[in-house]
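Have a look at the structure below before the remarks.
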Amino acid sequence: MKKTFAIILAMLLCCAPLTACGGGNGSSSSGSGLTLDKIKQALTDAGYTVEDEYVNAANKSADVVAGFAVVYDLPGGSTMHTPIMEMKSAEVAKENATAIDGYGYNVCIVNGKFLTMCGAKKGVVEYEAEKTMLESAIKGEPASPPPDLTK
């Protein structure tokens, strides 16, 4: 089941700008006191656009508690709607990240039970600035103002 989730999620993330479905906001906290709502608020306060929608496959997974999407532009004019998800536990987040990373289309970023991912080709990150931005965002410490990732 987890492999199926990973395959579907990895495939849908390639089409993230085109596909999204509604989801709720989570407010449960990780061991560090960080919550999905705090991550979302930090991104909003730093000037990022966030949406309460995130990738359809994530909504249907029993492993996902809640999530939202952070919106940003990449070189070539691609607008990304990248999910930031709260998983059932840190262990579940790591398991899903390992499965998703194995397909080579995304590189997952995990912070406790929070999971996001950046684009990759054959497991190699395409845009280092995107990865750096998402790493800080999932810690609740996004760069302000948002960096220009189109360069």
Side-chain angles (χ1 to χ4, degrees), residues 1-17 19-72 74 79-121 123-144 146-147 149:
M1 180 66 181
K2 289 181 192 237
K3 237 180 198 179
T4 302
F5 167 71
I7 291 170
I8 291 170
L9 185 58
M11 290 172 57
L12 287 174
L13 285 172
C14 292
C15 302
T19 319
C21 186
N25 290 328
S27 60
S28 58
S29 113
S30 67
S32 68
L34 188 63
T35 66
L36 196 60
D37 287 334
K38 287 181 182 178
I39 294 170
K40 185 176 181 180
Q41 188 62 52
L43 284 162
T44 301
D45 291 347
Y48 290 84
T49 300
V50 296
E51 300 175 339
D52 287 334
E53 299 178 347
Y54 56 107
V55 177
N56 190 14
N59 284 337
K60 295 181 179 181
S61 171
D63 290 342
V64 178
V65 174
F68 65 89
V70 59
V71 182
Y72 53 92
L74 290 176
T79 299
M80 300 302 296
H81 299 257
T82 301
I84 296 181
M85 299 170 286
E86 179 180 351
M87 309 303 277
K88 283 184 173 180
S89 67
E91 294 77 25
V92 169
K94 287 178 188 173
E95 289 171 8
N96 279 276
T98 300
I100 292 166
D101 286 349
Y103 293 99
Y105 297 107
N106 296 286
V107 171
C108 290
I109 302 163
V110 177
N111 180 24
K113 61 182 175 178
F114 302 106
L115 170 69
T116 190
M117 59 210 73
C118 60
K121 286 186 179 174
V124 177
V125 173
E126 289 185 86
Y127 302 107
E128 196 62 40
E130 176 190 27
K131 180 179 180 228
T132 301
M133 182 274 290
L134 290 169
E135 285 173 338
S136 66
I138 202 165
K139 293 176 186 174
E141 304 166 352
S144 178
L149 301 178

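None of the values given here were measured: they were computed from a predicted structure.
- Between Tyr48 and Pro142 there is a side-chain heavy-atom pair separated by less than 4.5 Å.
- Here the side chains of Ile138 and Leu134 are not in contact, with every heavy-atom distance at 4.5 Å or above.
- Here the NZ-CE distance, from Lys113 to Met85, works out to 14.0 Å after rounding to the nearest 0.5 Å.
- Within the 3.5 Å criterion, the main-chain N or O of Met87 finds no donor-acceptor partner in the side chain of Asp63.
- Looking at heavy atoms from C-beta onward, Met117 lies out of side-chain contact with Tyr105 at the 4.5 angstrom threshold.
- Scored by the side-chain contact (heavy atoms from CB on, under 4.5 Å) test, Ala90 finds no partners at all (sequence neighbours excluded).
- Distance check: Cys118 SG to Glu135 CD gives 7.5 Å after rounding to the nearest 0.5 Å.
- Note: Glu141 CD to Asn111 CG = 9.0 Å, rounded to the nearest 0.5 Å.
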#### Entry: Check against side chain to side chain contact (heavy atoms under 4.5 Å, CB included), Leu115 and Cys108
CA-CA 7 Å; Leu115 170 69; Cys108 290; 3.8 Å; yes

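- Residues Ala46 and Ala143 come closest through the heavy atom pair CB-O, 3.6 Å.
- The residue from Leu34, Val70, Thr44, Val50 that alone fulfils the side-chain contact (heavy atoms from CB on, under 4.5 Å) condition with Ile39 is Leu34.
- Taking CG of Leu43 as the reference point, atom OG of Ser136 lies at 8.0 Å (rounded to 0.5 Å).
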### Task
Apply side chain to side chain contact (heavy atoms under 4.5 Å, CB included) to the pair Ile84 and Phe68, showing each step before the final yes or no.
CA-CA 6 Å; Ile84 296 181; Phe68 65 89; 4.0 Å; yes

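- Distance check, rounded to the nearest 0.5 Å: CE of Met133 to OG1 of Thr116 gives 8.0 Å.
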### Query
Could you go step by step and tell me if Lys131 and Ile109 meet the side chain to side chain contact (heavy atoms under 4.5 Å, CB included) rule?
CA-CA 8 Å; Lys131 180 179 180 228; Ile109 302 163; 4.2 Å; yes

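- The closest side-chain heavy-atom distance from Tyr127 to Leu149 is not below 4.5 Å.
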